Amino acid sequence: MIYTVECSFADPRSEAEWNDFYSLDKLPALVSVSGFHTSQRFKALREGCPVYLAMHSVDGLDVLTSEEYRQKGGGNFARWQPHITDWHRNLYAGLDRASSIGPDEILAMSEKGPESLIRLGLAFNELHAVALEKFPEYRWLAKLKRSQTFEALPTDIHLYEPMTAQLVNSKDTVSRKPRQASDA
């Protein structure tokens with residue numbers, strides 16, 4: 001499942017410090033929670049949506065209501081809360097793991113339907129909201145190469161550049177020892 005957190009930030013004087021806190025402290029804390037698998041943070045390239053998007057791969061809603069989540073990742077926003085605006089949280093089914101968006105890529109997201117992505121010839125994933133705000137009910141995600149021209153893209157597609165690399169829970173990166181063929 002995909003857990004999204006979106007917001008804007010209304011205090012330009014402390015925005016850089018808040019971004020450092022979120023990217024360097026909060027994201028690593030979240031991805032260390034059992035049931036979190038990946039976390040990545042983005043910034044919108046156009047108006048019409050919240051400025052910041054965090055996208056996490058999680059096992060389900062239980063993860064977000066767990067004591068471990070409350071201790072490690074939930075909250076910790078008291079200092080920043082007065083400046084956080086347009087805040088939304090959703091849990092989406094339709095994709096087990098979020099794709100990593102590299103520095104040469106852009107995340108494209110539509111809430112209106114997949115038609116614009118189809119016309120552009122983009123492969124996409126459909127997400128369906130199952131918990132928390134449940135709005136927008138559906139989202140369609142695609143990757144673009146950063147070299148593509150953004151001005152020509154329909155305005156119903158929100159564009160996000162990665163602010164961080166995708167973080168992966170250390171339990172998910174542990175490589176398994178290859179199986180040895182038994183000598184018979």
Side-chain angles (χ1 to χ4, degrees), residues 1-9 18-46 48-66 69 72-77 80 84-112 114 117 122-146 150 156-173:
M1 302 191 104
I2 305 301
Y3 170 48
T4 61
V5 180
E6 300 168 86
C7 71
S8 294
F9 198 82
W18 177 74
N19 279 320
D20 285 347
F21 160 75
Y22 204 115
S23 296
L24 302 174
D25 296 334
K26 185 163 182 67
L27 225 53
L30 284 170
V31 82
S32 75
V33 172
S34 300
F36 268 77
H37 300 284
T38 66
S39 291
Q40 189 168 12
R41 197 156 174 250
F42 303 90
K43 186 172 185 178
L45 291 171
R46 302 197 286 195
C49 59
V51 174
Y52 298 104
L53 166 69
M55 189 174 299
H56 315 279
S57 303
V58 299
D59 286 341
L61 185 59
D62 296 0
V63 174
L64 305 176
T65 59
S66 72
Y69 172 73
K72 289 184 174 180
N76 300 329
F77 270 74
W80 314 106
I84 296 171
T85 63
D86 205 10
W87 185 66
H88 305 281
R89 297 184 329 142
N90 276 294
L91 186 64
Y92 291 97
L95 192 59
D96 288 335
R97 299 286 187 273
S99 296
S100 175
I101 306 297
D104 61 336
E105 297 174 313
I106 298 295
L107 172 66
M109 186 183 307
S110 174
E111 301 171 359
K112 305 289 185 201
L117 300 172
L122 297 173
F124 61 88
N125 293 102
E126 180 179 315
L127 302 179
H128 177 249
V130 296
L132 303 173
E133 288 184 19
K134 296 186 184 178
F135 183 82
E137 185 177 2
Y138 289 94
R139 282 192 156 159
W140 293 266
L141 309 176
K143 280 187 191 186
L144 298 171
K145 288 292 180 193
R146 188 176 281 274
F150 302 132
D156 66 322
I157 297 176
H158 300 303
L159 300 174
Y160 298 90
E161 65 181 344
M163 294 178 70
T164 65
Q166 186 181 68
L167 303 181
V168 179
N169 187 307
S170 62
K171 295 172 188 156
D172 291 333
T173 60

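The analysis underlying the following values was restricted to heavy atoms, covering all of them including side chains, and did not include hydrogens, waters or symmetry mates. Just so we're clear, the structure is a prediction, and the values are computed from it rather than from any experiment.
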Check whether [X] reaches the backbone of [Y] with its side chain - one donor and one acceptor, N or O, closer than 3.5 Å.
{"X": "Gln166", "Y": "Ala98", "answer": "yes"}
{"X": "Asn90", "Y": "Phe135", "answer": "yes"}
{"X": "Lys143", "Y": "Ser100", "answer": "yes"}
{"X": "Ser8", "Y": "Val51", "answer": "yes"}
{"X": "Thr164", "Y": "Ser23", "answer": "no"}

Over all atoms of both residues, closest heavy-atom pair of [X] and [Y]:
{"X": "Leu53", "Y": "Thr4", "answer": "CD1-CB, 4.1 Å"}
{"X": "Gly35", "Y": "Val63", "answer": "CA-CG2, 3.7 Å"}
{"X": "His158", "Y": "Gly48", "answer": "CE1-O, 3.2 Å"}
{"X": "Val33", "Y": "Asn169", "answer": "O-ND2, 3.3 Å"}
{"X": "Cys7", "Y": "Ile84", "answer": "CB-CG2, 3.8 Å"}
{"X": "Tyr92", "Y": "Pro136", "answer": "OH-O, 3.0 Å"}

Nearest 0.5 Å, what's the [atom1]-[atom2] distance between [X] and [Y]?
{"X": "Leu144", "Y": "Leu117", "atom1": "CG", "atom2": "CG", "answer": "8.0 Å"}
{"X": "Tyr138", "Y": "His128", "atom1": "OH", "atom2": "NE2", "answer": "3.5 Å"}
{"X": "Leu30", "Y": "Asp25", "atom1": "CG", "atom2": "CG", "answer": "11.0 Å"}
{"X": "Leu107", "Y": "Met55", "atom1": "CG", "atom2": "CE", "answer": "5.0 Å"}
{"X": "Leu159", "Y": "Ile106", "atom1": "CG", "atom2": "CD1", "answer": "7.0 Å"}
{"X": "Leu127", "Y": "Met109", "atom1": "CG", "atom2": "CE", "answer": "7.5 Å"}

message: Let's go through Ile157 and Arg46 carefully: what are the C-alpha distance in whole Å and the side-chain angles of both, what is the deciding distance for side-chain contact (heavy atoms from CB on, under 4.5 Å) to 0.1 Å, and is it a yes or a no?
response: CA-CA 9 Å; Ile157 297 176; Arg46 302 197 286 195; 4.1 Å; yes

query: Parallel, tilted or perpendicular: which fits the ring planes of His56 and Phe36, with parallel below 30° and perpendicular above 60°?
result: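 His56 and Phe36: perpendicular rings.
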
- prompt: Heavy atoms, side chains only, cut-off 4.5 Å: are Asp96 and His37 in contact?
  reply: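 Result no, sub-4.5 Å side-chain heavy-atom pair not found.
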
message: In the structure I gave you, are the side-chain heavy atoms of Pro114 and Glu126 within less than 4.5 Å of one another anywhere?
response: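 With C-beta onward as the side chain, the pair stays apart.
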
- request: Establish, yes or no, whether the cationic atom of Arg89 lies under 6.0 Å from the six-membered ring centre of Tyr3 and within 45° of the ring axis.
  value: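 Ring-cation test returns no.
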
field: From Tyr22, Phe9, Trp18, residue fulfilling ring pair (Phe, Tyr, Trp, His ring centres under 6.0 Å) relative to Tyr52
entry: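 Result for ring pair (Phe, Tyr, Trp, His ring centres under 6.0 Å) with Tyr52: Trp18.
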
task: Only counting residues at least two apart or in another chain, list the ones meeting salt bridge (charged side-chain N to carboxylate O under 4.0 Å, His left out) with Glu161.
output: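 Expected list: Arg146.
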
Any residue meeting salt bridge (charged side-chain N to carboxylate O under 4.0 Å, His left out) with Glu111, in chain and number order, not counting sequence neighbours: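 So Glu111 forms a salt bridge (charged side-chain N to carboxylate O under 4.0 Å, His left out) with Arg139.
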
- request: Would you please name every residue forming a ring pair (Phe, Tyr, Trp, His ring centres under 6.0 Å) with Tyr160, sequence neighbours left out?
  value: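 Partners of Tyr160 by the ring pair (Phe, Tyr, Trp, His ring centres under 6.0 Å) criterion come out as none, since no residue qualifies.
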
